[in-house]
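In what follows, chains carry the letters A, B, and so on, assigned in the order in which the sequence lines appear, proteins first and then strands, with residues in each chain numbered from 1.
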Number of protein chains: 2
Amino acid sequence: MSDLLRRLRGRGWRMTSQRRVVAEVLDGDHVHLTADEVHALAAERLPEISRATVYNALGELVALGEVAEVTTDGRAKRYDPNAHRSHQHLVCSGCGLVRDVHPSGDPLADLPESERFGFTLSGAEVTYRGLCPSCGEPARDA
Amino acid sequence: MSDLLRRLRGRGWRMTSQRRVVAEVLDGDHVHLTADEVHALAAERLPEISRATVYNALGELVALGEVAEVTTDGRAKRYDPNAHRSHQHLVCSGCGLVRDVHPSGDPLADLPESERFGFTLSGAEVTYRGLCPSCGEPARDA
DNA sequence: TCTTGACTTGGACTGTGTCCATCGTAGGAT
DNA sequence: ATCCTACGATGGACACAGTCCAAGTCAAGA
């Protein structure tokens, strides 16, 4: 059993076969699946699992802080199980590929008091945009 | 006529009454409207304007670089006419309020070569999250 | 094993955005 | 000033992501 499943069970998360496969599908590094992708992968092991259940499970994992929700653009949210190590995202403007990155420096420290407008800050997300090695090569006709 | 309208006309943007009201609605600082809000405001002046036209006009303004698209969460995109001055966004986790902010430092400089994975970087967006003064006050029962 | 409340299901529903065939019109040509 | 025509507007159907709900199912404690 993975660490994730062990942690969830330890926190009193009622374990069902559906929740198990969702958690298993999300296990690993550099995983950034959409809800539909999670559903498709889960359905390979448990064909009857419903979309609603996947959405429920993902929502709970996010609420528990085990998985982070990443909105890279106007498309579907992606779910990132690497929520315990603080990191940011590098997104390919061409194909949508997402990589975890670890910038130096703390963006929160870069926001002076005069620019906080009385807000109580809780965090900052940085999204780097660019072209991945495949998309960056000049397109070539056949 | 506003600077925005003048610039657009100068760039050969065919001016119609619909495009005019969309551009006028978006004029100003600290404007972060959703497409539906733009449509509603535009419809006050031009009741027959259709949603498709608003979406078309917004898409063109974004393509022209006159307006920036901001995706703060899984909800509707917001349109920010303040695209010429580089800035980042501060979003209230409670009510969704968006403010423009100007952090010091350059997030791009914080991403070491070893963390770029061969990408050609084009920019970085920083989204600060927190509670605005209204939402930050402890809720009080009546 | 029994019980029960939490979980799952699937289908309807909502919000956001896109597409497309048809109609209308801005702006150049005359 | 008027005409032409290509570009823009229209609105309704469609697509996608996500939520909600009533009814059925099951995990886990007693």
Side-chain angles (χ1 to χ4, degrees), chain A residues 1 5-6 8-25 32-43 45-64 67-80 96 98, chain B residues 1 5-6 8-26 32-43 45-64 66-80 96 98:
Chain A
M1 190 203 286
L5 284 174
R6 204 188 311 279
L8 291 169
R9 188 182 283 270
R11 296 175 67 173
W13 206 49
R14 186 163 168 180
M15 189 55 61
T16 66
S17 54
Q18 293 86 350
R19 288 175 168 196
R20 188 191 316 279
V21 297
V22 169
E24 283 171 357
V25 160
H32 302 96
L33 299 169
T34 64
D36 264 5
E37 287 165 351
V38 171
H39 179 237
L41 291 170
R45 306 193 208 175
L46 200 65
E48 270 55 44
I49 193 170
S50 78
R51 290 195 329 126
T53 298
V54 170
Y55 276 103
N56 287 341
L58 289 172
E60 286 154 16
L61 290 170
V62 170
L64 287 167
V67 167
E69 231 173 37
V70 185
T71 306
T72 56
D73 55 0
R75 311 205 138 274
K77 290 176 194 165
R78 293 182 173 275
Y79 292 88
D80 182 343
V98 179
Chain B
M1 190 203 287
L5 284 175
R6 203 187 312 276
L8 292 169
R9 187 181 283 270
R11 297 176 65 176
W13 205 51
R14 187 162 165 180
M15 191 55 63
T16 65
S17 54
Q18 293 85 349
R19 289 176 167 197
R20 187 190 316 280
V21 296
V22 168
E24 283 172 357
V25 160
L26 279 173
H32 302 97
L33 299 169
T34 65
D36 264 5
E37 288 166 351
V38 172
H39 179 238
L41 291 171
R45 306 195 207 172
L46 199 63
E48 270 56 45
I49 192 168
S50 78
R51 289 195 330 124
T53 297
V54 171
Y55 276 103
N56 287 342
L58 289 173
E60 285 154 17
L61 290 171
V62 170
L64 288 168
E66 293 291 347
V67 166
E69 231 175 37
V70 185
T71 307
T72 56
D73 55 358
R75 311 206 138 273
K77 291 175 194 165
R78 293 181 174 275
Y79 293 87
D80 182 345
V98 178

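- Residues A:Val22 and A:Ile49 form a side-chain contact, since some pair of their non-hydrogen atoms from C-beta on lies under 4.5 Å apart.
- When all heavy atoms are compared, the tightest approach of A:Val25 to A:Ala42 is CG2-N, 3.9 Å.
- Atom-to-atom, CD of A:Glu60 to P of C:dC7 comes out at 6 Å; the value is rounded to the nearest Å.
- Across every non-hydrogen atom of A:Leu64 and A:Arg11, the tightest pair is O-NH1, 3.1 Å.
- For C:dT25, the OP1/OP2 oxygens have no side-chain nitrogen or oxygen of B:Arg14 closer than 4.0 Å.
- In plain terms, the two heavy atoms of A:Glu37 and A:Thr34 that are nearest each other are OE1-N, 2.9 Å.
- Taking atom CZ of B:Arg9 as the reference point, atom P of C:dA26 lies 11 Å away to the nearest angstrom.
- For the residue pair A:Ala57 and A:Trp13, the shortest heavy atom distance occurs at O-CZ2, 4.3 Å.
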Using nucleotides 18-22 of chain C, report all nitrogen or oxygen pairs with the protein that are shorter than 3.5 Å.
none

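- Listed here is the closest heavy atom pair of A:Val54 and A:Ala35: CG1-O, 3.8 Å.
- The nearest whole Å value for the distance from the CD1 atom in A:Ile49 to the C1' atom in C:dC7 is 11 Å.
- Between B:Met15 and B:Ala76, the residue anchored closer to the 5' end of DNA chain C is B:Ala76, taking for each the nucleotide with the nearest heavy atom.
- A sub-4.0 Å separation between OP1 or OP2 of C:dG24 and a side-chain N or O of B:Gln18 is absent.
- One can place CZ of B:Arg20 at 15 Å from P of C:dT25, the figure rounded to the nearest angstrom.
- A 4.5 Å side-chain heavy-atom check between B:Arg19 and B:Asn56 finds every atom pair outside the cut-off.
- Within the structure, every side-chain polar atom (N or O) of A:Thr53 is placed at least 4.0 Å from both OP1 and OP2 of C:dC7.
- Between B:Met15 and B:Leu5 the shortest side-chain heavy-atom distance falls below 4.5 Å.
- Taking 4.0 angstrom as the limit, B:Arg75 places none of its side-chain polar atoms (N or O) nearer than this to OP1 or OP2 of C:dG15.
- The CZ atom of A:Arg19 sits 10 Å away from the C1' atom of C:dT8 (whole-angstrom rounding).
- Nearest heavy atom pair, residue B:His32 against residue B:Asp80, reads NE2-OD2, 3.4 Å.
- Contacts between chain A and DNA chain D, taken as any atom within less than 4.0 angstrom of a protein heavy atom, begin and end at D:dA17 to D:dA28.
- When rounded to the nearest whole Å, the span between NE2 of A:His39 and C1' of C:dG11 equals 13 Å.
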